[in-house]
Amino acid sequence: MTALQALPPAESEALSQAESAYRQLRDKLIMLEIRPGEPINDGQLAGELGFGRTPVREAIKRLEVDHLVVSYPRRGTFATSVDFTELADVSEVRELLEPLAARSAATRASAAVRRELLDVADTIAGLDPSPAESRELMRYDLTVHRLIYKAAANPHLEDTLIRYDNLATRIWCLVLDKVPSVSGHITEHVDLLKAVAAGDADKAAELALHHVTSFEETIRKVL
């Protein structure tokens, strides 16, 4: 069991079975708990998640749209491969939209959300992870990004960025063992979260852009 403190979920509203199945399967695919190329068996997954087949099948249809699974006639459904050639395209979109989300969050976040962002910043600042906990650290990365997207109060922007951040995280997780340390990548979030919470839109946008570009540079060094 990891010694890292758990962050509160970024998506905590009451969920339907289909939505809950979708989010659980999505994160298993993102974190490579379901490996690229692995077959997707809806009956097996329904049993593992404790749902019926119908919500799981609905979730799988949505995951196809997210480019996390792919179905072939007469062959079945599989987790998509991680294509490193997509890194530039994914980064190009994120370099435009991540600063926009951070800027919007700094401007629009409610007082309650700002307190939540500061609480998460304090949690991350207090981390002292071991190298073995790199994969768990990536869950912090997902949570922070999703909190900022939610705080931006633009559901279309939020949906788009979640999809691209998911793809970027899969790339990162595939090379995780080659990266010397991910703790610096995660602790970068502290200043970003504080800038958003303080309402400093310019600084938040600048830090968000730096975070995306440093991610791409780190990945390219180990490819």
Using every non-hydrogen atom in the two residues, find where [X] and [Y] come nearest and quote the distance to one decimal.
X: Ala205; Y: Arg103; value: CB-NH2, 3.6 Å
X: Ala88; Y: Glu216; value: CA-OE2, 3.9 Å
X: Ala102; Y: Ala204; value: CB-O, 3.5 Å
X: Ala59; Y: Leu25; value: CB-CD1, 4.2 Å
X: Thr77; Y: Ser71; value: OG1-OG, 2.7 Å
X: Val190; Y: Ala125; value: CG2-N, 3.9 Å

State plainly whether one hydrophobic cluster holds both [X] and [Y], where clusters connect Ile, Leu, Val, Met, Phe, Trp and Tyr through side-chain heavy atoms under 4.5 angstrom apart.
X: Val65; Y: Val90; value: no
X: Val56; Y: Val70; value: no
X: Tyr72; Y: Ile40; value: no
X: Leu29; Y: Ile162; value: yes
X: Leu161; Y: Val212; value: no

Once rounded to the nearest 0.5 Å, what's the spacing between atom [atom1] of [X] and atom [atom2] of [Y]?
X: Glu92; Y: Leu97; atom1: CD; atom2: CG; value: 10.5 Å
X: Glu86; Y: Phe84; atom1: CD; atom2: CZ; value: 11.0 Å
X: Leu100; Y: Asn154; atom1: CG; atom2: CG; value: 7.5 Å
X: Met138; Y: Asp27; atom1: CE; atom2: CG; value: 12.0 Å
X: Thr169; Y: Leu174; atom1: OG1; atom2: CG; value: 12.5 Å
X: Thr80; Y: His67; atom1: OG1; atom2: NE2; value: 9.0 Å

(message) Which label fits His211 and His189: parallel for a plane angle under 30°, tilted from 30 to 60°, or perpendicular past 60°?
(response)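 Correct class here is tilted.
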(request) Look at the side chain of Arg57 and the backbone N and O of Asp42, then say whether any donor-acceptor pair between them is shorter than 3.5 Å. (result) no
(request) Output yes when a side-chain donor or acceptor of Arg114 lies under 3.5 Å from a complementary backbone atom of Ala109, and no otherwise. (result) yes
(request) Before giving the answer on side chain to side chain contact (heavy atoms under 4.5 Å, CB included), spell out for Thr187 and Leu127 the whole-Å C-alpha distance, their side-chain angles and the decisive distance to 0.1 Å. (result) CA-CA 9 Å; Thr187 55; Leu127 292 177; 5.9 Å; no
Any heavy-atom pair between the side chains of [Y] and [X] that's under 4.5 Å?
X: Tyr22; Y: Glu58; value: no
X: Leu209; Y: Glu98; value: no
X: Ile124; Y: Glu188; value: no
X: Leu142; Y: Asn166; value: yes
X: Lys194; Y: Leu118; value: yes
X: Asp165; Y: Tyr149; value: yes
X: Arg170; Y: Leu68; value: yes
X: Gln24; Y: Ser20; value: yes

(request) Would you indicate whether Tyr164, at its atom OH, is surrounded by more than 12 heavy atoms from other residues, nucleotides or ligands within a distance under 6.0 Å? (result)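 Incorrect, the count does not exceed 12.
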(request) Could you walk me through whether Val182 and Trp172 pass the side chain to side chain contact (heavy atoms under 4.5 Å, CB included) test, one step at a time? (result) CA-CA 10 Å; Val182 299; Trp172 186 280; 3.2 Å; yes
(request) Decide yes or no on side chain to side chain contact (heavy atoms under 4.5 Å, CB included) for Arg163 and Thr160, but give the supporting numbers first. (result) CA-CA 5 Å; Arg163 184 175 300 173; Thr160 300; 6.0 Å; no
(request) For side chain to side chain contact (heavy atoms under 4.5 Å, CB included), just list the numbers for Ile30 and Cys173, CA-CA rounded to whole Å, side-chain angles, deciding distance to a tenth of an Å, and then say yes or no. (result) CA-CA 8 Å; Ile30 295 166; Cys173 286; 5.7 Å; no
(message) Closer than 4.0 angstrom, basic N to acidic O: yes or no for Arg23 and Glu19?
(response) yes
(request) Applying side chain to side chain donor-acceptor pair (under 3.5 Å), name anything that partners Ser104, two or more places apart in sequence or on another chain. (result) none
(message) Walk me through whether Arg139 and Glu136 qualify under salt bridge (Lys or Arg N to Asp or Glu O under 4.0 Å).
(response) CA-CA 5 Å; Arg139 299 187 190 277; Glu136 288 302 312; 3.4 Å; yes
